[in-house]
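Since the structure comes first, as structure tokens, the remarks are kept for the end.
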Amino acid sequence: MREMEFLYTYESLKLEFPMSDVEDGDFVILGIPFDGTTSYKPGTRFGPTLIRQATLNLESYILDYDVDLAEVRIADVGDLAIVAGNPLETIKRGVGTVEEIKKINPNAMPVVLGGEHSMTYAPVKALNPKSYVVFDAHLDLRESYEENPWNHACVARRISELGIKVTEFGIRSGTKEEVEYARENDIPWVHARDYSITNFKEIVKKLPEPIYISIDVDVFDLSMVPSTGTPEAGGLGFWEVIEALEWLVEHKRVIGFDIMEVAGMELGDVTALTAAKLLFYMIGMLSK
Ligand SMILES: N=C(N)NCCCCNCCCN
Ligand SMILES: [Mn+2]
Ligand SMILES: [Mn+2]
């Protein structure tokens, strides 16, 4: 990795296989270990490191796609130096860093590992997609939460205010106000109970491109993500989400993605193992 290339990042644990420089990476990983507006379980500050560590358990060869990630050009710029307790300032650093990445390599696809979901605003703001497709247990459409508009429970609302088309899948938690906001602002969302690949395709095929994908790992059933910040029973299965993502990347232009709300307090955490497997599949399907 190049020394001092980015203003605000430092080296965290790296992936195991040979890594590319940012200049020639098809994917550029950036961790945002922000844990500052957590409302229930803490530990997102360790998310990016735990995901990287969990990848050590995985084969770089992806059976389903006949892709070996050791042969894919992946760069890792480490983790953003966050400003603890200050999501807006941290987001500004994140926007700047994603812009720097794109300046060095306009073809690179940024991959953000979190960290609280609030941080998704940074790559979305920097990349300015037409559509934001999110998998989440929560609507995240609050005007403000715990007196903070930059709380993780508000991120989809902040993104929709940018004029980006928001679409949500796997939802099973929200307030009456959030549901009304979704209705008034033409934000389609699919309850986890109603989710199917058929209704996913139906909704997503109409979306304007390019698309940014965000995975709040609490979309999965909580047995797969027990350490995430606000776990909810009744989520989607791993292969259900993978099937949807495969369809999306095959039919639409995707310019970036993130895996957020990964948290834990110890190595080998189940949540991080789920996130690492998802990360490998997403890079695999995007490079096949
Ligand atoms: N987007 C999120 N993760 N939102 C979490 C909302 C937490 C709801 N607490 C409910 C507390 C009721 N006493
Ligand atoms: Mn969320
Ligand atoms: Mn959530």
Side-chain angles (χ1 to χ4, degrees), residues 34-47 50-51 54 87 113-121 132-146 148 150-160 166-183 187-197 199-200 203 213-245 257-265 269-279 282:
F34 188 76
D35 199 2
T37 67
T38 299
S39 46
Y40 189 57
K41 291 171 94 171
T44 43
R45 70 190 63 188
F46 302 126
L50 289 174
I51 298 170
L113 305 179
E116 280 183 19
H117 209 178
S118 44
M119 295 300 121
T120 287
Y121 189 86
Y132 170 77
V133 173
V134 59
F135 291 81
D136 199 329
H138 308 90
L139 286 167
D140 288 353
L141 290 173
R142 283 175 145 104
E143 168 51 31
S144 175
Y145 191 56
E146 295 179 339
N148 192 343
W150 298 101
N151 185 287
H152 59 92
C154 312
V155 62
R157 173 115 165 213
R158 295 290 90 80
I159 288 169
S160 91
V166 172
T167 308
E168 312 192 65
F169 297 93
I171 301 296
R172 53 205 187 273
S173 170
T175 62
K176 199 177 167 87
E177 290 75 25
E178 288 178 283
V179 172
E180 275 160 16
Y181 181 85
R183 191 181 326 112
I187 295 174
W189 61 273
V190 178
H191 196 293
R193 286 182 82 156
D194 302 325
Y195 175 83
S196 73
I197 188 68
N199 58 29
F200 178 82
I203 292 169
I213 303 173
S214 181
I215 316 285
D216 178 334
V217 295
D218 66 29
V219 72
F220 293 114
D221 190 70
L222 53 72
S223 57
M224 293 163 63
V225 288
S227 323
T228 191
T230 52
E232 290 265 346
L236 302 187
F238 190 76
W239 301 119
E240 264 179 317
V241 173
I242 293 293
E243 188 185 15
L245 294 170
F257 73 89
D258 61 49
I259 301 177
M260 307 304 279
E261 293 289 345
V262 178
M265 301 299 253
D269 186 281
V270 168
T271 306
L273 288 163
T274 302
K277 190 80 171 163
L278 178 65
L279 174 67
M282 289 188 79

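Computed from a prediction, not measured in an experiment: that's the story for all the values here.
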Side chain proximity check, M260 to S118, heavy atoms < 4.5 angstrom: no
Pairing residues for S160 by the side-chain hydrogen bond (donor to acceptor under 3.5 Å, both in side chains) criterion, not counting sequence neighbours: Y181
Residues which pass ring-ring contact (aromatic ring centres under 6.0 Å, His included) with W189, listed by chain and number, not counting sequence neighbours: none
ring-ring contact (aromatic ring centres under 6.0 Å, His included) against F257, all qualifying residues, sequence neighbours excluded: none
Non-neighbouring partners of E261 that pass side-chain hydrogen bond (donor to acceptor under 3.5 Å, both in side chains), sequence neighbours left out: none
Sequence-distant partners of D35, salt bridge (Lys or Arg N to Asp or Glu O under 4.0 Å), two or more places apart: R45
Any residue meeting salt bridge (Lys or Arg N to Asp or Glu O under 4.0 Å) with R172, in chain and number order, not counting sequence neighbours: none
side-chain contact (heavy atoms from CB on, under 4.5 Å) partners of E243, counting only residues at least two apart: I197
Sequence-distant partners of Y195, side-chain hydrogen bond (donor to acceptor under 3.5 Å, both in side chains), two or more places apart: none
ring-ring contact (aromatic ring centres under 6.0 Å, His included) involving F200 - partner list, sequence neighbours excluded: F135, F169
Test side-chain hydrogen bond (donor to acceptor under 3.5 Å, both in side chains) applied to E178 - qualifying residues, sequence neighbours left out: T175
Sequence-distant partners of E143, salt bridge (Lys or Arg N to Asp or Glu O under 4.0 Å), two or more places apart: R157, R158
By side-chain contact (heavy atoms from CB on, under 4.5 Å) - contacts of A54 (at least two apart): A272, L273, A276
